[in-house]
K.L.:
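I'd like to ask some things about the structure below.
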Amino acid sequence: MAISASWARGALGVLGLLALTACATRGPVHPVAATRVVSPPVVAPKPEPTPPPAAAAPVPQPPPAPVPATQPQLRYANLFARIRAGFQLPDPDKPVIAEEARWYANHPQFLQRAFGRADMYLYYIVTQLQARHMPLELALLPVIESAFQPFAYSWARAAGIWQFTSGTGRVFGLKQDWWYDGRRDVVASTQAALNYLQQLHDQLGGHWLLAIAAYNCGVVNVQRAIRYNEAHGRPTDFWHLLLPRQTELYVPQLLAMARLVQDPAHYGLSFSPIPDQPYFTQVPTNGQINLEVAARLAGISSDEIYQLNPAFHRWATDPTGPFYLLLPVDSAPVFAQNLVALTADERMGVDRYVVRHGDTVYSVARRFRTSTDLLRRLNTLPGGRLVVGEQIEVPATAYHLPQNVLVAARQADHSRWRSHFRFRVVRVHQGDTLWAIAQRHGISVRRLAQMNGLSLHHTVLQPGERLRLYADGRVGRFARPAFRVVSVRPGDSLWSIAVRNHVSVHALARANGLRPGQVLRPGERLRIEPAMAAVRYAPSRARRLLAGVARSVHRVIYTVRSGDTLWQIAQHFQVRVAQILSWNEMKLRQPILAGQKLMILADSGG
């Protein structure tokens with residue numbers, strides 16, 4: 001084994017430079033209050049922060065805009081005061097807003113954690129909103145979306161503090177590949193989110209509450225609700241629209257959060273001030289760099305560099321860009337000074353290894369405590385054997401990524417792998433475990449967990465949850481099928497529509513933001529999603545009642561007449577009373593009234 005000593009020599013040089021610049025360290029943080037006090041960590045400002053070198057202009061990389069280095073002309077006591085001064089949204093006296101505000105006030109630990117994380121990012125978001133003359137309430141939207149967790153990943157596979165899905169992220173220019181996910185890039189995703197919100201605002205007639213609702217459920221759903229209200233002579237503001245239940249709470253949650261920031265004392269809260277000054281600045285790297293090396297050059301921890309640069313979910317930055325890092329303001333000059341002293345191998349934290357007889361990618365990866373995937377990417381080895389005598393790059397040290405970065409990497413791998421394989425969907429039943437489902441379908445527990453991006457040892461499955469089982473054969477990339485829309489007819493119920501479309505009542509209600517027993521209005525439109533149909537399960541009672549006649553029944557709306565009984569109606573249509581009760585979601589002793597509409601699935605031949 002022949003390994004060069006270049007890294008050792010470079011490391012000594014770097015340590016020397018760091019010793020010379022040891023004065024550039026982070027300031028102390030404020031302690032967290034013991035009682036209902038929301039106390040994010042606050043970095044004490046340096047007396048005279050050193051600006052980045054004037055010559056260090058970022059390499060142009062769309063879509064992020066350069067991070068402004070100047071402070072706003074108006075100075076505020078803290079960032080919360082600046083946000084309050086920019087509030088523009090209406091604050092109507094709605095019970096739902098008060099209810100959401102009480103919930104947040106009763107969970108100060110949630111606010112403490114959320115604003116503790118926001119300390120790094122909030123100044124940049126507020127500055128960008130003010131530059132666009134947008135309401136500063138929008139700066140609080142990441143509290144609702146992700147609690148300012150940069151590694152947040154939702155059940156809908158939305159990522160980052162602004163919770164972009166993969167498709168929407170690409171529409172707004174957020175690059176996503178093996179190395180980098182722009183949805184987690186604080187600068188790039190903030191620019192994309194504000195572009196998206198402004199676009200929705202313009203599409204929806206300049207109404208910010210409608211734009212915020214559309215950010216949650218999609219502009220098509222909001223426009224459909226507006227058209228429905230217009231057709232029925234109803235107001236078309238947010239408070240009168242029929243929207244998914246999640247969206248009906250989403251806007252009040254933001255307005256409630258604004259109330260708490262406006263007057264925290266009214267709710268028994270106290271926010272520790274966040275300084276009205278930038279936490280980070282954008283520094284060019286002029287190429288790929290190992291993130292642990294970058295952290296040492298800047299004099300910060302690996303955890304902090306990943307918190308500021310969560311878009312990079314591997315051990316190094318993306319070789320194809322963007323070629324910049326977000327670093328604490330007082331660490332940027334240190335980093336820039338140290339970076340120029342490194343060789344290319346030292347930047348990447350690699351050594352050279354000469355391949356010997358009998359070496360394989362696996363054996364070399366094991367020798368240097370790394371993965372075959374990383375070794376192949378370091379040396380552009382798509383497959384095949386190593387060549388004896390060839391020099392390859394190997395990690396100088398074993399890389400230990402933070403846990404949240406490892407999870408993000410697994411999610412990216414799972415997403416890319418999933419898009420190339422055919423799958424079917426299975427439903428989780430009461431008492432199911434990963435092991436039981438894996439045994440039923442003849443696969444390993446580890447593979448089932450990998451297929452669905454789950455932890456092998458810390459996942460508790462919920463009844464009704466759906467898991468994907470992937471076939472072995474590679475197929476072309478799937479385009480997501482569009483959902484179907486069905487119109488509610490007179491006499492329809494969620495149950496009758498579910499039976500007609502071979503889905504469960506709960507799946508239908510969940511997809512449309514409804515309660516299972518909610519009354520429907522004729523003309524209302526419901527969505528039937530492909531995943532629901534793919535499961536192809538109906539309520540077990542419906543399976544029994546419809547067995548043998550599913551292809552020979554037709555739907556009848558019967559108007560109850562004076563003197564009718566359920567037994568008489570059942571005899572007339574040659575069905576059972578239990579069937580009529582099930583089809584109409586009625587209880588056994590529930591009376592029927594003259595003029596009441598009953599849905600009957602009658603035999604076509606009768």
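Along the sequence shown, residues are numbered consecutively beginning with 1.
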K.L.:
Determine whether N216 and Q246 make a side-chain contact, defined as any pair of heavy atoms from C-beta on separated by less than 4.5 Å.
P.N.:
yes

K.L.:
Check the pair Y228, Q223 against side-chain contact (heavy atoms from CB on, under 4.5 Å), reporting the backbone distance first and the verdict last.
P.N.:
CA-CA 9 Å; Y228 180 89; Q223 290 173 331; over 6 Å; no

K.L.:
Rounded to the nearest 0.5 Å, what's the gap from CZ on R117 to CD1 on I161? Could you check?
P.N.:
11.0 Å

K.L.:
Quick check: closest heavy atoms across D181 and A159, and the distance to 0.1 Å?
P.N.:
OD2-CB, 4.4 Å

K.L.:
Look only at the side chain of N229 and the backbone of H240, and say whether a donor-acceptor pair between them is shorter than 3.5 Å.
P.N.:
yes

K.L.:
Walk me through whether I226 and L210 qualify under side-chain contact (heavy atoms from CB on, under 4.5 Å).
P.N.:
CA-CA 10 Å; I226 291 173; L210 295 182; 4.0 Å; yes

K.L.:
Hey, does P92 have a side-chain heavy atom less than 4.5 Å from the side chain of I97?
P.N.:
yes

K.L.:
For a side-chain contact (heavy atoms from CB on, under 4.5 Å) check, start with the C-alpha distance between D237 and L209, then their side-chain angles and the critical distance, and finish with the verdict.
P.N.:
CA-CA 8 Å; D237 61 287; L209 296 191; over 6 Å; no

K.L.:
Does CZ in R561 sit with more than 12 non-hydrogen atoms of other residues, nucleotides or ligands closer than 6.0 Å?
P.N.:
no

K.L.:
Is the backbone of V143 close enough, under 3.5 Å, to the side chain of E145 for a donor and an acceptor to pair up by distance?
P.N.:
no

K.L.:
Using a strict cut-off of less than 4.0 Å between a Lys/Arg side-chain nitrogen and an Asp/Glu carboxylate oxygen, indicate whether K175 and D177 qualify as a salt bridge.
P.N.:
yes

K.L.:
I'd like to know whether S146 forms a side chain to side chain donor-acceptor pair (under 3.5 Å) with W162, so could you lay out the CA-CA distance, the side-chain angles of the two residues, the decisive distance to 0.1 Å, and finally the verdict.
P.N.:
CA-CA 7 Å; S146 63; W162 293 99; over 6 Å; no

K.L.:
Could you go through Q199 and N195, starting from their C-alpha distance and side-chain angles, then the distance that decides it, and tell me whether this counts as side chain to side chain donor-acceptor pair (under 3.5 Å)?
P.N.:
CA-CA 6 Å; Q199 176 180 304; N195 289 342; over 6 Å; no

K.L.:
Ignoring hydrogens and geometry, is there a side-chain-to-backbone donor-acceptor pair from N106 to W103 under 3.5 Å?
P.N.:
no

K.L.:
Are H572 and W567 side-chain neighbours, meaning at least one heavy-atom pair lies under 4.5 Å?
P.N.:
no

K.L.:
How many angstroms lie between atom CG of D202 and atom NE2 of H207, to the nearest 0.5 angstrom?
P.N.:
12.0 Å

K.L.:
Is there a donor-acceptor contact under 3.5 Å from the side chain of Q596 to the main chain of L593?
P.N.:
yes

K.L.:
Is any side-chain heavy atom of L138 closer than 4.5 Å to one of I125?
P.N.:
no

K.L.:
Taking the side chain as everything from C-beta on, heavy atoms only, tell me whether H313 gets closer than 4.5 Å to F151.
P.N.:
no

K.L.:
Is there a donor-acceptor pair under 3.5 Å between the side chain of T565 and the backbone N or O of Q568?
P.N.:
yes

K.L.:
I'd like to know if the side chain of T168 reaches the main chain of F164, judged simply by a donor and an acceptor atom lying under 3.5 Å from each other, with no hydrogens or angles considered.
P.N.:
no

K.L.:
Counting N and O atoms only, with roles assigned by atom type, does the side chain of E248 sit under 3.5 Å from a partner on the main chain of L242, one being a donor and the other an acceptor?
P.N.:
no

K.L.:
Less than 4.5 Å apart, any side-chain heavy atom of I569 and any of L598?
P.N.:
yes

K.L.:
Any chance the rings of F80 and F115 have centres within less than 6.0 Å?
P.N.:
yes

K.L.:
Donor-acceptor check, side chain of T190 to backbone of V186, threshold 3.5 angstrom: yes or no?
P.N.:
yes

K.L.:
Look up atom CZ in F238 and atom OG1 in T247, then write down how far apart they are to the nearest 0.5 Å.
P.N.:
7.5 Å

K.L.:
Would you say K597 and Y558 make side-chain contact, with heavy atoms under 4.5 Å?
P.N.:
no

K.L.:
What's the spacing between F87 CZ and R259 CZ if we round to 0.5 Å?
P.N.:
11.5 Å

K.L.:
Nearest heavy-atom pair of D185 and A311: which atoms, and what distance?
P.N.:
N-CB, 3.6 Å

K.L.:
Over all heavy atoms of both residues, which pair between P108 and L269 is shortest? Give the atoms and the distance, please.
P.N.:
CB-CD2, 4.0 Å

K.L.:
Quick one: pull up CD in E137 and CD in Q88 and give me the separation to the nearest 0.5 Å.
P.N.:
7.0 Å

K.L.:
Going by ring pair (Phe, Tyr, Trp, His ring centres under 6.0 Å), H201 matches just one of Y196, Y215, W208. Which one?
P.N.:
W208

K.L.:
Testing the basics here: between V222 and L243, what is the closest heavy-atom pair and its distance to 0.1 Å?
P.N.:
CA-CD2, 4.0 Å

K.L.:
Drop me the distance from I144's CD1 to Q163's CD, to the nearest 0.5 angstrom.
P.N.:
12.5 Å

K.L.:
Counting C-beta onward and ignoring hydrogens, is there a side-chain heavy-atom pair between L260 and H266 closer than 4.5 Å?
P.N.:
no

K.L.:
Check E230 with R227, please: is the shortest side-chain N to carboxylate O separation under 4.0 Å?
P.N.:
no

K.L.:
Locate the shortest heavy-atom distance separating S166 from Q176; write the atom from each residue and the value.
P.N.:
OG-OE1, 2.9 Å

K.L.:
Restricting to non-hydrogen atoms, name the atom on F148 and the atom on A114 that form the minimum distance, rounded to 0.1 Å.
P.N.:
CB-O, 3.6 Å

K.L.:
Given side-chain contact (heavy atoms from CB on, under 4.5 Å), test R84 with V261 step by step and report yes or no.
P.N.:
CA-CA 7 Å; R84 293 183 195 111; V261 171; 4.2 Å; yes

K.L.:
Can you tell me if R184 uses its side chain to pair, donor with acceptor, with the backbone of G160 under 3.5 Å?
P.N.:
no

K.L.:
Please check if atom CH2 in W239 has more than 12 non-hydrogen atoms from other residues, nucleotides or ligands closer than 6.0 Å.
P.N.:
yes

